[in-house]
2 protein chains.
Amino acid sequence: MNEHSKSGKRIEIEGVVAQGKLQRLLDALPPELRTEMIPLWQSIRFAPGDVLIEDGEVADRIGFVADGFLAMSKTLQDRHRHIIGLITPSDMFGRAFNGPSGYRIEALSDGAVLTCDRQKFEAILARSHAAERLFLLSILDELDAAREWVMVLGSSKVVERLASLLIILSRHKYRTLESCARDNIRLGLHIHIKRVDIAHLLGTSPESLSRAFHQLEREGAIRIVTPYDIEISNLGTLVDISGNSLEMRDA
Amino acid sequence: MNEHSKSGKRIEIEGVVAQGKLQRLLDALPPELRTEMIPLWQSIRFAPGDVLIEDGEVADRIGFVADGFLAMSKTLQDRHRHIIGLITPSDMFGRAFNGPSGYRIEALSDGAVLTCDRQKFEAILARSHAAERLFLLSILDELDAAREWVMVLGSSKVVERLASLLIILSRHKYRTLESCARDNIRLGLHIHIKRVDIAHLLGTSPESLSRAFHQLEREGAIRIVTPYDIEISNLGTLVDISGNSLEMRDA
DNA sequence: CGCGGCGTTGAACACGGTCAATTCTTGTGG
DNA sequence: CCACAAGAATTGACCGTGTTCAACGCCGCG
């Protein structure tokens, strides 16, 4: 995927390789800070259900997802579980600069992260204006994502929300989504996330979610190969159903 | 309205006074930058329906709300209007560092903002590490707010969402909400926002919203003095209904 | 083989969206 | 000061949708 070797300086621990935002951050650092930064990192592999940071816990580590899906979640006193947001490869988690994490960080699939002591990470950032600027930009990305999610949850119908989710997930996977729309190409989507989790992410129940999936299939937008293996057969109708226009942003 | 003394370094233009985040930002600047920053600002008063930044427009100005409520909104091609988030006094709007605003910024009530050329603002920030750090923190606040909002919209029932909204609004007004909960004090809330707007904010219709308001009143959580003048008669039950636990953060 | 997790399906009912009609308020002009 | 009109909030009735509870099928694993 990303074979761009700009220099010999990259992070790779036990087969887990830095990419995306973390790599760019690293590239932005001056050489001496980069050398200092690299040994701070360690890799952690996770499996569905693993809790990386507990709700309310003071997170002393921050991390970048290398592979798989994490979620920010919260369970209310009536035992109802909400998933506030997905954390996808290249995304950061754990709150830098700003106190304890207000949410639980849990794994929804298998995967791996690279983590680093928060204090040391911040200290190095503080010494590079360029890197800290880059970091600010990635926070702005998170803000965008959160707001986009607010949009999605604003639509009343579950099918619409599911359609939006599928579009967002495709965006992560395929860069040039517009051309796919034009050419009506079929996109394969592997979702390693359980139905219950998707349901909680969309603020609905597994049952309604199932019906929504099959409604999308009836209307010809997708094809359900296996529950974890969706094929987007017609992106156009999917976009129609979602109610949104087809916008592109990078992850 | 604000009776602060004009002595010393503060921004005050045509009666609109800097406060909250903007004031703190200014305080963090070294004196010479502060002197440079102050004349850049100008005040704008707004009335309900005013559009400060159009959707998709490249915003060349950023601003801080001094008084009143703005909203980030978006209308989809099916003419359905979504309000993504409230912008309350002390909040910033307009996207610094990062391209065009993806949303329309419109006024929901009367009020005033202080605005500044984006480029110049960024340029000054770039020369003060402390100020830029402070700015980053305020973005983190925005992120929190957006995610809290995702939580709120995740609940399926309108009453719950309305209850959450009222709690959030009270938090902005009253600092020590816990003690109010203990003592069961009555809190007055003036909402200068039209029902339609609140409805779109909560992802529902004016009709359902009205029913939710009156359901809250029937259950003894609030008292509706006038549509724009709510009294929280029992914060405890309001919190119960919202499904959330009572958390406090600063605005 | 049977158990348990997970996805799906069915049926009953509650909730919210929609359309229409009614009140309440506000502002305007006579 | 009153009448009237326009905008906003509310209420009612109807119906689509989602939630809930229950049952069923599928599959992997002990």
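Residue numbers begin at 1 in each chain, while the letters A, B, ... track the order of the sequences. Values below: all heavy atoms of this structure, side chains included; hydrogens, waters and symmetry mates excluded.
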### Query
A:T204 has a side chain; which of D:dA9, C:dT8, D:dT19 sits nearest to it?
D:dT19
### Nearest listed nucleotide, side chain of A:H214, among D:dT11, C:dG17, C:dT8
C:dT8
Would you check if the side chain of [X] reaches a backbone N or O of [Y] as a donor-acceptor pair within less than 3.5 Å?
X      : Y      : value
B:T75  : B:H80  : no
A:Q42  : A:T115 : no
A:T204 : A:A199 : no

Atom [atom1] of [X] to atom [atom2] of [N]: distance rounded to whole Å?
X      : N      : atom1 : atom2 : result
B:H80  : C:dG17 : NE2   : P     : 8 Å
B:L216 : D:dA9  : CG    : C1'   : 16 Å
A:D229 : D:dC27 : CG    : C1'   : 16 Å
B:L209 : D:dT11 : CG    : P     : 12 Å
B:H200 : D:dA9  : NE2   : C1'   : 14 Å
B:K194 : D:dA6  : NZ    : C1'   : 12 Å
A:E207 : D:dT17 : CD    : C1'   : 14 Å
A:I193 : C:dG7  : CD1   : C1'   : 16 Å

### Query
Tell me, which of residues 149-158 of chain A have any heavy atom that sits under 4.0 Å from an atom in DNA chain D?
A:K157, A:V158
### Query
What distance do A:Y228 atom OH and A:R195 atom CZ have between them, rounded to the nearest 0.5 Å?
7.5 Å
### Task
Drop me the distance from A:L153's CG to B:I84's CD1, to the nearest 0.5 angstrom.
12.0 Å
#### Entry: Side chains of B:L86 and B:L169 in contact at under 4.5 Å (non-hydrogen atoms)
yes
Look at [X] and [N] and indicate whether a side-chain polar atom (N or O) is within less than 4.0 Å of OP1 or OP2.
X      : N      : answer
A:R211 : C:dT9  : no
A:S208 : D:dT19 : yes
B:Y228 : D:dA9  : yes
B:S205 : C:dG17 : yes

### Message
Checking B:R81 against B:E106 for the salt bridge (charged side-chain N to carboxylate O under 4.0 Å, His left out) test, could you report, in this order, the C-alpha distance in whole Å, the side-chain angles of both residues, the deciding distance, and whether it holds?
### Response
CA-CA 12 Å; B:R81 173 159 160 270; B:E106 65 178 297; 3.3 Å; yes
### Task
Assign each of B:V159 and A:R195 to its nearest nucleotide of DNA chain C by heavy atoms, then name whichever residue's nucleotide is nearer the 5' end.
A:R195
